[in-house]
2 protein chains.
Amino acid sequence: MARATIADVARRAGVSKGLVSLALNDRPGVSAETRTRIQRIAEDMDWRPNPAARGLSAGRAFALGLVVHRERHTVEVDPFFASFIAGVEEALSQDNRVLVLSVVTDADTEAETYRRLSKDRRVDGFLLTDFLTDDHRVALLRELDTPAVILGDPAENIPFPVVSRDYARGVESLLAHLAELGHRRIAHVTGDLQMQHASRRRDHFLTHCRALGLEALIAEADFSPERGAQATVELLDGDHRPTAIVYANDPMAIAGIAVAHERGLNLPADLSVAGMDGSDIGRYTYPSLTTLNNDPAGWGRQAAAVLLELIEQGEAADAALPGADLIIRGSTGAPA
Amino acid sequence: MARATIADVARRAGVSKGLVSLALNDRPGVSAETRTRIQRIAEDMDWRPNPAARGLSAGRAFALGLVVHRERHTVEVDPFFASFIAGVEEALSQDNRVLVLSVVTDADTEAETYRRLSKDRRVDGFLLTDFLTDDHRVALLRELDTPAVILGDPAENIPFPVVSRDYARGVESLLAHLAELGHRRIAHVTGDLQMQHASRRRDHFLTHCRALGLEALIAEADFSPERGAQATVELLDGDHRPTAIVYANDPMAIAGIAVAHERGLNLPADLSVAGMDGSDIGRYTYPSLTTLNNDPAGWGRQAAAVLLELIEQGEAADAALPGADLIIRGSTGAPA
DNA sequence: GACGATAGTAGAACCGGTTTAGAGAGTTTG
DNA sequence: CAAACTCTCTAAACCGGTTCTACTATCGTC
């Protein structure tokens, strides 16, 4: 049951450990004949390198790290991560690597976790989600001299590769769709504006409202359904009540729909609503939720691929995912 | 920047590596004086054991594994895992251990992942969620001779410790609540009945309906909002339309609410609805969702603690979490 | 004062890989 | 034909811990 070691393979092949290592890692210095013989024997014995041994020798962990920072009450509501991780997995498992996941609920623990995982060599690099406009993790990871890849679209010049998706076009089609339906005053409920994708989405919203000649309202929230609901109340109570609300993510949109229902509004006639996450649960709300598609698994695959390249090659180019486009469902319609 | 090794500490203390190891692991054979001196020096040098080295020597990984199996289209909608993992984290980080997470979308990959993580010694044990009534993972992990802890309440005798939560009482209070409101015919939309907690919840439902003299209907689904919606349609179209529907989880309940709204039903007057997950998003639906509290973080903390004990001590007792109790919100009321 | 017991410590082996120096055989070169 | 060079391979060191064996000093005992 115990796995065969490289010494077992060497013994069986009648050669030294070192030669087996060279043969199995496709390194020069082994005759073609011996190499295939060793490879055949290794396969036959179901040999697989022990990651701890290899890691000790190479100073690598063969693992990627993902540290998710969520406030305690916000932890559960994010539909992004499961699919994202499934995507990461696809890029990882073929290479016998592994994902180390940590969920932390405060900033100190977050920094401590990055430190620990990096210094203990538990991971070779990090996937940085929820990137902040001025993200302290950049300095931290430079100090730790640890590779990372950023998910988002940072304004500044960042010393790590970036994986991004264009939302400008998606937001534009969403607003064009609303304008075409006859909406003239549209609100946006933002995510946590410290987060770079939240402020980007707000900027896209404002830019394209202006371009389309729409009146734009902004209500600040933080991606949580609680704040989303609260922002919705404010908008519906305000003097300039919008006929449509675009939420920075789907959970807030769902909470917004609930607020509207509570007031007896008829959706979408009295109020159109849209999200920006493309989440599956949005198919099953009432009305079903117009949103942008986001393909979290695609994010995961691509981010992991870039990070692996950075770790292996020492450098990696930025990558752009296909732009998010519009998913029209039942929650948007002509205003009454 | 490079971390101090045990040899550095030994040199600085003027003793041998071995003695440092004994001193820092609180093992006998070191004089009290020398021990504190070494400990002080180690702390001073910010020494921390290298997990790869320790793992290689001890044959352990100092990591726990969690393999989540979800169909591709169901991946995202589970509010359980993020909080669960946050709970696991609490039990782990103090001990400098780590969680290795894998999300897989088919059964073959699932088995392969357990094999790989175990044989490569990437983890020391597994947390088994979504336990099936006749779960193939039990045999697999016995074959691999790998510790595991089961989340659920299996009927059979299982060679692994079990962490369970009592839902019987919660289901009973939920049904009593509905009965008191005047409901007489109540339906249950089940989860995937292969899963042990799904069949348990159905059994509790049937038992307590009988005890309370309620007419019980069962509609089979699989925890996905899609099937939850479909089951709701069937129930509402059926000859014996219930006045209340209890869903095996919250996402299905949310989808059920949407179906009811779509038909112009007034909730809760025309139909009462309840979930069983205690999810936060249920606060922000319309109407807000009556449900059972589930405390996923508590599950995580406890399961990790039991698994660590099993790994350390070679055995661990079952653990029972506090029973789930009723959270009454707006989606249940007296039938019209 | 010789003896054994015991505490405290050094040193080496080991875990399972990778890497490097160098040995031996065969081939080219001046 | 000897020197230089290639090619293939072995042996040993190394990564950073843990653990086992054996040695030395100290102590108590008769």
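Note that these values count all heavy atoms, side chains included, but never hydrogens, waters or copies made by symmetry. No experiment lies behind these values; they were computed from the predicted model shown. In what follows, chains carry the letters A, B, and so on, assigned in the order in which the sequence lines appear, proteins first and then strands, with residues in each chain numbered from 1.
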Does a nitrogen or oxygen in the side chain of R27(A) sit under 4.0 Å from OP1 or OP2 of dT19(C)? yes

Please classify the nucleic acid contact of S31(A) as base, sugar-phosphate, or nothing, using heavy-atom distances under 4.0 Å. sugar-phosphate

Are D153(A) and Q196(A) close enough that some pair of their side-chain heavy atoms sits under 4.5 Å apart? yes

I want to verify a distance call: between dA10(C), dT9(C), dG17(C), whose nearest atom is closest to the T34(B) side chain? dT9(C)

Between F62(B) and R54(B), is there a cation-pi geometry (under 6.0 Å to ring centre, at most 45° from the normal)? yes

Closest nucleotide of DNA chain D for A7(B) versus for G14(A): which of these residues is on the 5' side? G14(A)

Applying side chain to side chain contact (heavy atoms under 4.5 Å, CB included) to T113(B) and not counting sequence neighbours gives V67(B), S102(B), V104(B), T109(B), L117(B)

Between the side chains of D120(B) and N96(A), is a donor N or O closer than 3.5 angstrom to an acceptor N or O? yes

Atom-pair distance (CG on D8(B); P on dC14(D)), nearest Å: 15 Å

Results of salt bridge (charged side-chain N to carboxylate O under 4.0 Å, His left out) for R35(B) - residues two or more places apart only: none

Polar side-chain contact K17(B)-dG11(C) base: donor and acceptor under 3.5 Å: no

Listed in order of residue number, which residues of residues 47-60 of chain A have a non-hydrogen atom at under 4.0 Å from DNA chain D? L56(A), S57(A)

Measure from the side-chain heavy atoms of L19(B) and tell me the nearest of dT19(C), dT10(D), dA10(C). dA10(C)

Could you check whether any side-chain heavy atom of R121(A) comes within less than 4.5 Å of a side-chain heavy atom of R60(A), counting everything from C-beta outward? no

